[in-house]
Student: 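Supplied in structure tokens, the structure appears directly below.
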There are 2 protein chains.
Amino acid sequence: MPNQPKYQRRKEDRPQEIADAAFKTFAEKGYAATRIDDVAKRAGVSKGLTYLYYKTKEDLFKAVVKNVVIRRVDSLIGNVESTELSSEEFLRGPLLEFMKKVPGSPIAIVIRLLISEGPRHPDLVNYYYENVVARGLEAIRQFVARGVERGEFRREALDHQPHLFLAPMMLSMIWRLVFADKPLDTDQLMESQVELLLAEMKA
Amino acid sequence: MPNQPKYQRRKEDRPQEIADAAFKTFAEKGYAATRIDDVAKRAGVSKGLTYLYYKTKEDLFKAVVKNVVIRRVDSLIGNVESTELSSEEFLRGPLLEFMKKVPGSPIAIVIRLLISEGPRHPDLVNYYYENVVARGLEAIRQFVARGVERGEFRREALDHQPHLFLAPMMLSMIWRLVFADKPLDTDQLMESQVELLLAEMKA
DNA sequence: ATACTTACTGACCGTTGAGTCATTAAATGC
DNA sequence: GCATTTAATGACTCAACGGTCAGTAAGTAT
């Protein structure tokens, strides 16, 4: 019977491991109903250690949300800016693909948390707005503008708010968060909308 | 100095008063962070009385959500079914008006609560789905169908999911709940969408 | 007036959970 | 080996909150 050590010291990995566990727990229970003890158990550490890396529960929450946002956004928005596709191809292809993925991704969880906890964490809301929403909307606007410059779209296409592209994605997200068991072809919803908008912009 | 009574007995009004106070508190703080003591203070009664009319905190929560839903929905959906307008007039008029009102109404608060607390209260979700969502979607579907029968719309209009009408409303609601201070002309968003869909359905 | 009912109060109880910290033991250097 | 550092533990404190219930007084009947 070898004398197994009770634990290993892993200074580097702990914060991320705790953040991952916390994200899952916050996602399942919401902010107020998650207990630090559960997070710690899930991460395989003691409660005390959690407090070594994150000063308070709120700190942990904020760190976790930002962490998820950071890890997702750059890859997604990054490869958008370096595409060779025509505006129409882009909107119908990569943008649509992206939107189809979101409602089932951790971003949806973050949005749920922002909806419930946002009012009590305005700095988080701002962070999310600037790093995700504003950039995303601007990207869409760019593509429409480029389409107009190239003569793909009518000038009036610029009047449309880019939000209209995202509206069905939003509805799909909420639908799946709330009515997970009620059927709805959310992909088709988003496809229809893109076609609708493209038709209008080209006409 | 007249000997004022400490309180009045108002058996009839108390439940509604408590429900109103509870709604406001749940809206501000969410389910878990709401303290029964605060609700009671807000309603001007003692904590004990709250427990006379509502057995548990969860009971109170469910009663409150249903209460809000009941008080709103019937009037809204009711007068929809007895309209003389053409389908197009209806979609462009009363439906649009209705959608513009929702994001600032208590319904938006209820939806926020369902988003955060839904998973832990499946019966509430079902109640809401059957009494609001299903009926709302069906109403829209009816109007499209009627428009097709009357030759106002193309047959293909039926293929569109009614959800597409509501998508910008959803986005507007969430936007206002989360990004209250960031500007967005949500009314225009919904108008554009209705025009977009009508154009497509008529073409 | 007096007796009676019951809406309402508020002190109390038990539990839960955020945050602390003295102690332990894993890693590291000599 | 031995000494030193510090990652990690887990028992503890303390306040908050859901829920209870014995007592109080507002209203009512006689």
Side-chain angles (χ1 to χ4, degrees), chain A residues 1-65 113 116-117 120-121, chain B residues 1-65 113 116-117 120-121:
Chain A
M1 191 169 255
N3 205 355
Q4 297 231 9
K6 280 194 181 170
Y7 54 79
Q8 282 156 34
R9 305 166 129 219
R10 304 210 329 280
K11 186 181 162 67
E12 265 79 50
D13 307 339
R14 295 303 195 199
Q16 187 61 52
E17 288 171 12
I18 292 168
D20 288 346
F23 179 68
K24 287 178 196 155
T25 315
F26 283 134
E28 281 170 23
K29 314 227 199 187
Y31 178 78
T34 38
R35 281 163 295 143
I36 298 291
D37 238 335
D38 289 348
V39 172
K41 279 232 173 60
R42 197 164 197 157
V45 300
S46 68
K47 185 161 76 156
L49 192 65
T50 305
Y51 280 92
L52 185 64
Y53 295 113
Y54 302 95
K55 272 221 261 297
T56 65
K57 187 182 178 183
E58 194 181 326
D59 265 20
L60 176 61
F61 181 66
K62 288 183 181 172
V64 157
V65 170
L113 290 170
S116 9
E117 304 300 329
R120 265 145 282 146
H121 304 281
Chain B
M1 195 166 252
N3 204 354
Q4 298 230 11
K6 280 194 181 168
Y7 54 82
Q8 283 157 33
R9 304 165 128 218
R10 303 207 332 277
K11 186 181 162 67
E12 264 81 51
D13 306 340
R14 295 303 194 199
Q16 186 62 52
E17 287 171 12
I18 293 168
D20 288 346
F23 180 67
K24 286 177 196 156
T25 314
F26 283 133
E28 282 171 21
K29 313 227 199 186
Y31 178 78
T34 294
R35 281 162 298 144
I36 297 291
D37 239 336
D38 289 348
V39 172
K41 279 233 172 61
R42 197 164 198 157
V45 300
S46 68
K47 184 161 75 159
L49 192 65
T50 305
Y51 280 93
L52 185 64
Y53 295 114
Y54 303 94
K55 272 220 261 298
T56 65
K57 186 182 180 185
E58 194 181 326
D59 265 20
L60 177 60
F61 181 66
K62 287 182 182 173
V64 158
V65 170
L113 290 170
S116 12
E117 304 300 330
R120 264 145 281 148
H121 305 280

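Computed from a prediction, not measured in an experiment: that's the story for all the values here.
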Student: Donor-acceptor pair under 3.5 Å: do we get one between B:Lys47's side chain and the base of D:dG19?
Tutor: yes

Student: Specify the separation, in whole Å, of atom CG of A:Leu60 and atom C1' of C:dA18.
Tutor: 12 Å

Student: Of the nucleotides C:dG19, D:dT5, D:dA25, which one has an atom closest to the side chain of A:Tyr51?
Tutor: C:dG19

Student: Please tell me if A:Arg14 has a side-chain N or O lying less than 4.0 Å from either OP1 or OP2 of D:dA8.
Tutor: yes

Student: Check whether any side-chain N or O of B:Arg35 sits under 4.0 Å from OP1 or OP2 of D:dC17, and answer yes or no.
Tutor: yes

Student: Using atom CG of B:Asp38 as one end and atom P of D:dA16 as the other, report the distance to the nearest whole Å.
Tutor: 12 Å

Student: Choosing from C:dG17, D:dA7, D:dA25, which nucleotide comes nearest the side chain of A:Tyr53?
Tutor: D:dA7

Student: Could you tell me which non-hydrogen atom of B:Ala33 sits nearest to which non-hydrogen atom of A:Ala32, and how far apart they are?
Tutor: N-CB, 4.4 Å

Student: Picking from C:dA27, D:dG27, C:dC8, which would you name as closest to the side chain of B:Gln8?
Tutor: D:dG27

Student: Would you call B:Glu58 and B:Lys62 a salt bridge, taking side-chain N to carboxylate O under 4.0 Å as the test?
Tutor: yes

Student: Map A:Leu49 and A:Thr34 onto DNA chain C by nearest heavy atom, then report which one ends up closer to the 5' terminus.
Tutor: A:Thr34

Student: Looking at the side chain of B:Ser46, which of C:dC8, D:dA8, D:dA16 is the nearest nucleotide?
Tutor: C:dC8

Student: What is the distance, rounded to the nearest whole Å, between atom CG of B:Asp37 and atom C1' of C:dC13?
Tutor: 15 Å

Student: For A:Lys41 and D:dA8, give me the distance from atom NZ to atom C1', rounded to whole Å.
Tutor: 16 Å

Student: Would you kindly compare B:Arg9 and A:Arg10 by the position of their nearest DNA chain D nucleotide and give the one closer to the 5′ end?
Tutor: A:Arg10

Student: To the nearest 0.5 Å, how far apart are OH in A:Tyr54 and CG in A:Leu49?
Tutor: 10.0 Å

Student: Which is more 5' along DNA chain D, the nucleotide nearest B:Lys6 or the one nearest B:Glu58? Just name the residue.
Tutor: B:Glu58

Student: Atom OH of A:Tyr54 to atom C1' of C:dA18: distance rounded to whole Å?
Tutor: 17 Å

Student: From CD of B:Glu17 over to P of C:dA7, roughly how many Å is that when rounded to an integer?
Tutor: 15 Å

Student: Which of parallel (below 30°), tilted (30 to 60°) and perpendicular (above 60°) describes B:His121 and B:Phe61?
Tutor: tilted

Student: Rounded to whole Å, how long is the line connecting atom NZ of A:Lys11 with atom C1' of C:dA26?
Tutor: 14 Å

Student: Using whole Å, what does the distance between atom C1' of nucleotide C:dG19 and atom CG of A:Leu52 come to?
Tutor: 13 Å

Student: Closest to the B:Tyr7 side chain: D:dA25, D:dG18, D:dT5?
Tutor: D:dA25

Student: Measure from NZ or CZ of A:Lys57 to the centre of the six-membered ring of A:Phe26, then state whether that distance is under 6.0 Å and the direction lies within 45° of the axis.
Tutor: no

